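Some notes on the structure that comes next.
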Amino acid sequence: MDAYELIMRNASEVVTEEEVRALAAADGKRAYVGYEPSGVLHIGHMLTATKLIDLQEAGFDITVLLADVHAYLNGKGTFEEIEATAERMKEQFIAYGLDEDKTEFVLGSTFQFDREYILDLHALELETSLSRAERAMAEIKSGDTVRVSQAVYPLMQALDIVYLDVDLAVGGMEQRKVHMLARDTLPSIGEDAPTSLHTPLIADLETGIGKMSSSAGTTISMEDSTDAIEEKVNAAFCPPTADPDPDEEGRERENPVLQIFEYHVFPRFETVTVERPDKYGGNLEYDSYAALEADMESGELHPMDAKGALADALDRLIEPGRKQLEA
RNA sequence: CCGCCCUUAGCUCAGCCUGGUAGAGCAGCCGACUGUAGAUCGGCUUGUCCCCCGUUCAAUUCGGGGAGGGCGGACCA
């Protein structure tokens, strides 16, 4: 796979494709993702981390921003608490497979209080309407009271791209509004509009609707035991197709089991073996997601057998991080 | 600063006027049925009724104070 294909693999969208083509051919390129520190890595973090691994292979230097100031602005606790979790998070990323030598972990507070940064931040505030900033803020739940801090939050994300000197901003699709805001407003303070890449969002495990929730409901995280993973995967929504019908209320549904195979498992494993009792035809082996999906659609691969293989693969991906957590 | 409204189960809300410690829908959990899940049946759980003080035999309900949240405070009127 060449650099361009690696960058584009499993990306939902890229802005813009021309810019990415140019980056693929360039040397000394840098990409970043920012995360609010949290004590335990969940499957959402892992999805962008898998993309970072692709990018490392494509020749990018990777910066992981441990966004302690953002977490603070989002009401996630005191700086002391937040920084304690940042270090644990870094170790888990490494355990998950980010190459320690090719990855720079940066704590936001090490540069976001600099005078220059603050002055640029105020300049951006001057260029941005409150409603635009609010719309860009991905994590505001409807019904929550929006704080001024949460309007500043996306502007800092935009500015981070400048101050970390990155060529490519990476995030899940929920980050696209932030990145569009950055593209629109950074030029107004004399900076380049950043190129961005967005990963898909995994649908809710139990319903296939919307985005898998990390706070409420069922998610998969690094602290899950083998049994817990098996239990959660087994309870997942999984009709035998990659394109399920909408539910009674007309909401679109995805197949989260297949999504996880596509976005988490196949990027990390050459082949996937589905263990299956002889009674149902014996074991199956796949070397691509497309082949697995085709067998699911045709009925050759039963969801229950697919779930067994998925739980096993996820367990192997998580195991190093789980051990690290226990240490 | 002033005015009005809201705060009851995880969520959306009813009940309060005419005091006797509480309900619905959804969610969740369990079972049946499917070789998974969902759908469909059957069953079940859940509450500092925002806080404090007062009245009362008794306060979620009445009165006072406080906190949090929403909306409004030029003209058109």
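Keep in mind it's a predicted model, so treat the numbers as computed, not measured. Lettering follows sequence order; numbering is per chain, from 1.
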What distance, rounded to whole Å, do you find between the two [atom1] atoms, one in [N] and one in [M]?
N	M	atom1	answer
B:rG23	B:rG15	C1'	8 Å
B:rG10	B:rC51	P	14 Å
B:rG19	B:rC76	P	45 Å
B:rC13	B:rA9	P	11 Å
B:rA59	B:rC2	P	33 Å
B:rC17	B:rG63	P	10 Å
B:rC49	B:rU61	P	10 Å
B:rA74	B:rG70	C1'	23 Å

How many Å lie between [atom1] on [X] and [atom2] on [N], as a whole number?
X	N	atom1	atom2	value
A:N234	B:rG35	CG	C1'	11 Å
A:K232	B:rC29	NZ	P	13 Å
A:E230	B:rU36	CD	P	15 Å
A:H302	B:rG38	NE2	C1'	13 Å
A:E275	B:rU36	CD	C1'	17 Å
A:I209	B:rA37	CD1	C1'	13 Å
A:M304	B:rU34	CE	P	14 Å
A:D295	B:rU36	CG	P	19 Å

query = Below 6.0 angstrom between ring centroids: does that apply to A:Y35 and A:H45?
reply = yes

ask   = Are the charged groups of A:K323 and A:E319 less than 4.0 angstrom apart, N to O?
value = yes

key: N-O pairing of A:R132 and A:E127 below 4.0 Å   = no

task = Could you check whether A:P244 gets within reach of a base, just the sugar-phosphate, or nothing at all, counting any heavy atom under 4.0 Å?
result = nothing

ask   = Would you say the base of B:rG35 and the side-chain of A:D305 have a donor-acceptor pair closer than 3.5 Å?
value =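 Present.
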
message = Side chain of A:R147 only, heavy atoms from C-beta on: which candidate in B:rG69, B:rA37, B:rG38 is closest?
response = B:rG69

ask   = Looking at the side chain of A:Y280, which of B:rG38, B:rU36, B:rG35 is the nearest nucleotide?
value = B:rG35

ask   = With a 3.5 Å cut-off and no angle check, do the side chains of A:Y163 and A:D114 form a donor-acceptor pair?
value = no

query = Cation over ring, A:R147 on A:Y153, under 6.0 Å and within 45°?
reply =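 Output no; distance or angle outside limits.
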
Would you mind pulling out the nucleotide paired to [N], Watson-Crick or G-U wobble, both distances under 3.5 Å?
N	result
B:rG3	B:rC71
B:rU60	none
B:rU12	B:rA24
B:rA77	none
B:rC17	none
B:rU34	none

ask   = Which comes earlier along RNA chain B counting from the 5' end, the contact point of A:P277 or that of A:T207, where each point is its nearest nucleotide?
value =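 Looking at the nearest nucleotide for each, A:T207 comes out on the 5' side.
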
query = Out of curiosity, does A:Y263 fall in the hydrophobic cluster containing A:L292 (side-chain heavy atoms, cut-off under 4.5 Å, transitive links)?
reply =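 Yes, it is one cluster - the side chains of A:L292 and A:Y263 are joined through contacts under 4.5 Å.
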
query = For B:rU36, does OP1 or OP2 lie under 4.0 Å from any side-chain N or O of A:R276?
reply =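 Checking A:R276 against B:rU36: no side-chain N or O falls below 4.0 Å of OP1 or OP2.
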
message = Which label fits A:F261 and A:F266: parallel for a plane angle under 30°, tilted from 30 to 60°, or perpendicular past 60°?
response = tilted

